[in-house]
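Order of listing sets the numbers, starting from 1, for every ligand and every atom in it.
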Amino acid sequence: MNKAVRKAIIAGNWKMNKTPAEATQLIGEILAANEGKDVSGCEVIACVPYVDIDAAVKAAAGSFIKIGAENCHWAKSGAFTGEISADMLVACGVEYVIIGHSERRQYFGETDLTVNQRVKAALEAGLKVILCVGELLEQREQGITAEIIAMQTKIDLLDITAEQMANIIIAYEPVWAIGTGKTATADQAEEVCAHIRATLATLYGEAVAEATTIQYGGSMNAKNAAELLGKTNVDGGLIGGAALKAADFSAIISAAQA
Ligand code: 13P
C-alpha cells in the first residue's frame with residue numbers, strides 16, 4: 001500500500017452466499033468485532049448478492065461499511081429477463097459494484113467487451129466500480145500473464161476517461177488463486193499490480209496511475225493479508241471465503257490499518 005497517494009480498500013465478495021437474515025447477522029458481527037477499533041486506515045466494502053442488498057444497507061447504515069453489488073447489466077432498462085440495472089442498484093443504496101469477476105467470465109460468458117459495457121453503465125449511474133482482471137493458470141504457465149492482464153485492462157477500460165478513473169478500483173485476481181487456498185506470493189501479486197499500474201500510466205498518465213487503488217484477490221486471509229498489503233502496489237484486497245467470517249474479515253481490516 002502507498003497510502004500517501006491512494007486509498008486502501010478492503011472489500012468482501014460474498015458471491016452466492018447468505019440469505020438476507022444471514023447478511024444482517026454477518027454485518028452485525030463485523031461491526032461488533034470492530035467496535036472501538038480505529039478502522040479509518042482503509043475503506044471497507046461488502047459486496048453482497050442482489051437479494052441481500054436491502055438488509056445489508058440497513059445493517060450497515062451509519063457505519064464504516066459500504067455496500068456493493070456483484071454485477072450489473074449494461075442497459076438502463078428493458079427486456080433483459082433476470083438482469084439488474086445500475087440505476088436499480090443506486091436506488092437501493094448501493095455505492096460499489098464488482099464488474100468482470102472471473103466467475104462471471106468463466107461461467108456466464110462474460111467477455112472484455114461486455115465487461116467494458118457494464119463498466120460504462122455503472123459509472124454513468126454513479127456507482128464506483130471494482131473491475132476484476134486476472135490470468136488463468138495455463139496463461140501464467142505459458143508466460144503470457146503480462147500480455148493478458150494488459151489486454152484485459154485496456155479493453156475493459158475502453159472509452160473510460162481519466163476523470164472517470166477516480167471511480168474505478170482494479171482488482172487483480174489470478175484465477176488459479178481463487179477459492180483454491182493457493183495464494184499468489186506477495187512478490188507475484190506486487191509484480192502484476194505494478195504491471196497494471198504501468199498499463200494505466202500508458203493509458204492515462206502517471207498521476208492517474210499512481211492514484212488508482214489496485215487490490216489483490218485470491219485466497220487472501222487473516223494470515224497472509226499483512227504480507228500482501230505490505231507491498232507498495234497492493235492497495236487492498238477483494239476477499240471471498242474469508243469475508244464470510246466476521247473474525248477473519250476483521251483481521252484483514254486490521255492488517256490494512258498499518
Ligand atoms: P477467495 O478469497 O475465496 O479465494 O475468492 C477471491 C475472490 O474471488 C474475490 O472476488
Within a distance under 4.0 Å of any heavy atom of S219, pick out the atoms of ligand 1 and give their elements.
-> 1 (P), 2 (O), 4 (O)
Does G179 have a non-hydrogen atom less than 4.0 Å from ligand 1?
-> yes
Atoms in ligand 1 flagged as close to G218, the criterion being non-hydrogen separation under 4.0 Å = 4 (O), 6 (C)
Under 4.0 angstrom from ligand 1, any heavy atom of A177?
-> yes
Salt bridge D235-K3, side-chain N to carboxylate O under 4.0 Å = no
Consider only side-chain heavy atoms of I, L, V, M, F, W and Y, link residues closer than 4.5 Å, and tell whether I252 and I169 are in one cluster.
-> no
Counting each atom of ligand 1 from 1 as listed, which ones have a heavy atom of G240 under 4.0 Å away?
-> 1 (P), 2 (O), 3 (O), 5 (O), 6 (C), 9 (C)
Per-atom contacts of ligand 1 with H101, taking only distances under 4.0 Å to non-hydrogen atoms = 7 (C), 8 (O), 9 (C), 10 (O)
Name the closest protein heavy atom to atom 5 (O) of ligand 1, giving the residue it belongs to and the distance to 0.1 Å.
-> K15 NZ, 3.2 Å
If every non-hydrogen atom of A177 is compared with every non-hydrogen atom of Y216, which pair is closest and at what distance?
-> CB-OH, 3.6 Å
Side chain, backbone, both or neither: N13 near ligand 1, heavy atoms under 4.0 Å = side chain
Distance only, no hydrogens: is a donor on one side chain within 3.5 Å (strictly under) of an acceptor on the other, for E135 and W176?
-> yes
For the residue pair H73 and F80, categorise the inter-ring angle as parallel (less than 30°), tilted (30 to 60°) or perpendicular (more than 60°).
-> tilted
Under 4.0 Å from a heavy atom of G241: give me the atoms of ligand 1 that qualify, with their elements.
-> 1 (P), 2 (O), 3 (O)
Ligand-residue contact atoms, ligand 1 with E173, heavy atoms, under 4.0 Å = 6 (C), 7 (C), 8 (O), 9 (C), 10 (O)
R105/D112 ion pair, N-O < 4.0 Å | yes
If you look at every heavy atom in A189 and L228, which pair is closest and at what distance?
-> CB-CD2, 3.8 Å
